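Within every chain, numbering begins at 1; the chains are lettered A, B, ... in the order of the sequence lines, protein sequences first and strands thereafter. Owing to the predicted nature of the structure, the values given are computational and were not obtained by experimental measurement.
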Amino acid sequence: MARLSRSFFARPALVVARELLGKVLVHRTAGHERSGIIVETEAYLGERDLASHASRGRTARTEVMFGPPGHAYVYFVYGMHHCMNVVTGEDGTAEAVLLRALAPLHGIEADQRTDGPGKLCRVLGIDRAHNRSDLVRGDLFFRDGPPPPRGKVARGPRIGVDYAGAWSRKPYRFWWRDHACVSRKRR
DNA sequence: CTATTGATGGTC
DNA sequence: ACCATCAATAGG
């Protein structure tokens with residue numbers, strides 16, 4: 001299946017977040033390939049979205065979100081986990097989509113959990129070295145894949161953003177309904 | 001089953 | 001001081 005191109009990402013985060021369900025995230029390293037089907041995402045809408053890191057404006061850390069679509073925004077949280085986002089929308093906007101869970105497809109050990117943004121990065125070997133990388137051209141990229149069947153896309157409030165007031169309750173999280181690789185409490 | 005807490009370091 | 005998390009633990 002073909003790689004996802006720049007134009008896929010150059011659309012609003014809410015559209016990309018929903019359409020990424022069923023797509024495949026691939027990480028190639030030295031003769032080794034790990035991949036999984038995306039089953040849970042969250043959209044972050046840019047500077048006006050109080051739940052987004054971009055809401056405090058352009059900083060060294062958030063700069064990449066203001067740039068062109070199709071690049072990775074990878075950050076380190078809680079002193080131990082990495083989270084990966086895809087920059088979406090037009091150059092100059094700061095929209096992004098957080099990847100929250102995968103269904104293992106290839107190169108992932110059977111006992112590894114992939115239901116959570118930190119675990120997703122751990123399992124695929126994604127860290128800050130991938131921040132700002134070009135997902136259209138690099139060794140970390142997306143392949144096309146079949147979407148969830150009709151009726152299997154669910155949406156609800158985002159996780160872990162209670163500090164964002166009304167924005168924390170907006171239904172910007174998308175997941176593959178009933179999928180075993182979305183955490184029990186969240187599916 | 002739910003609720004709580006400790007680990008640990010970058011960012012602003 | 002706070003945090004787009006997770007695993008371990010304690011309690012019902």
For this session: Write down the distance between NE2 (A:His53) and C1' (C:dT5), rounded to a whole number of angstrom.
Result: 12 Å
Problem set entry | Whole-Å gap separating C1' (C:dA7) and CE (A:Met80) | 9 Å
Exercise. With clusters built from Ile, Leu, Val, Met, Phe, Trp and Tyr whose side-chain heavy atoms come within less than 4.5 Å, directly or transitively, what are the remaining members of the cluster of A:Trp175, listed by chain and number?
Worked result: A:Val24, A:Val26, A:Ile37, A:Val39, A:Leu105, A:Phe141, A:Trp176, A:Val182
Exercise. For the hydrophobic clusters of this structure (ILVMFWY residues joined by side-chain heavy atoms under 4.5 Å, transitively), does one cluster hold both A:Leu25 and A:Leu20?
Worked result: yes
For this session: With A:Arg128 as the cation and A:Phe76 as the aromatic partner, state whether NZ or CZ is under 6.0 Å from the six-membered ring centre and within 45° of the axis.
Result: yes
Exercise. Quick one: does A:Arg6's side chain get under 4.5 Å of A:His71's, heavy atoms only?
Worked result: yes
For this session: To the nearest Å, give me how far apart OH (A:Tyr75) and P (C:dC2) are.
Result: 18 Å
Exercise. How is A:Arg122 classified with respect to the nucleic acid when contacts are heavy atoms under 4.0 Å: base, sugar-phosphate, or nothing?
Worked result: nothing
For this session: To the nearest Å, give me how far apart NZ (A:Lys170) and C1' (C:dA4) are.
Result: 17 Å
Exercise. Could you give the start and end, 5' to 3', of the contact zone on DNA chain B for chain A, using atoms under 4.0 Å from its heavy atoms?
Worked result: B:dA7 to B:dC12
Exercise. Can you list the stems that include DNA chain C, where a stem is three or more consecutive Watson-Crick or G-U pairs with distances under 3.5 Å?
Worked result: B:1-7 with C:5-11, B:9-11 with C:1-3
Exercise. So which pairs with a foot in residues 63-78 of chain A pass salt bridge (Lys or Arg N to Asp or Glu O under 4.0 Å), sequence neighbours left out?
Worked result: A:Arg58-A:Glu63
Seminar exercise, completed: Heavy-atom closest pair (A:Ser168 atom, A:Val161 atom, distance to 0.1 Å) is CB-O, 3.0 Å
For this session: Starting at atom OH of A:Tyr172, determine the distance to atom P of C:dA4, rounded to an integer number of angstrom.
Result: 17 Å
Exercise. In whole Å, what is the span from the CD1 atom of A:Ile126 to the C1' atom of C:dT5?
Worked result: 16 Å
Problem set entry | Nearest-Å distance for atom pair CD/C1', residues A:Gln112 and C:dC6 | 14 Å
Problem set entry | Gap between atoms CD1 and P, on A:Ile159 and C:dC6 respectively (whole Å) | 10 Å
Problem set entry | With A:Pro146 via side chain to side chain contact (heavy atoms under 4.5 Å, CB included) - residues at least two apart | none
Problem set entry | Contacting residues from residues 82-102 of chain A, given that a heavy atom lies under 4.0 angstrom of DNA chain C | A:Cys83, A:Asn85, A:Leu98, A:Arg100
Exercise. Would A:Phe142 and A:Phe9 count as a close aromatic pair, with their ring centres under 6.0 Å?
Worked result: yes
For this session: Measure the shortest side-chain to side-chain distance between A:Arg155 and A:Leu14 over non-hydrogen atoms and say whether it is less than 4.5 angstrom.
Result: yes
Exercise. Do A:Arg173 and A:Ile159 have side chains that get closer than 4.5 Å, going by heavy atoms?
Worked result: yes
Exercise. Within the structure shown, what part of the strands sits under 4.0 Å from A:Tyr78 by heavy-atom distance: base, sugar-phosphate, or nothing?
Worked result: base
Problem set entry | Residue met sooner reading DNA chain B from 5', once A:Thr59 and A:Lys185 are mapped to nucleotides | A:Lys185
For this session: Decide whether A:His27 and A:His130 meet the rule of one side-chain donor and one side-chain acceptor closer than 3.5 Å.
Result: yes
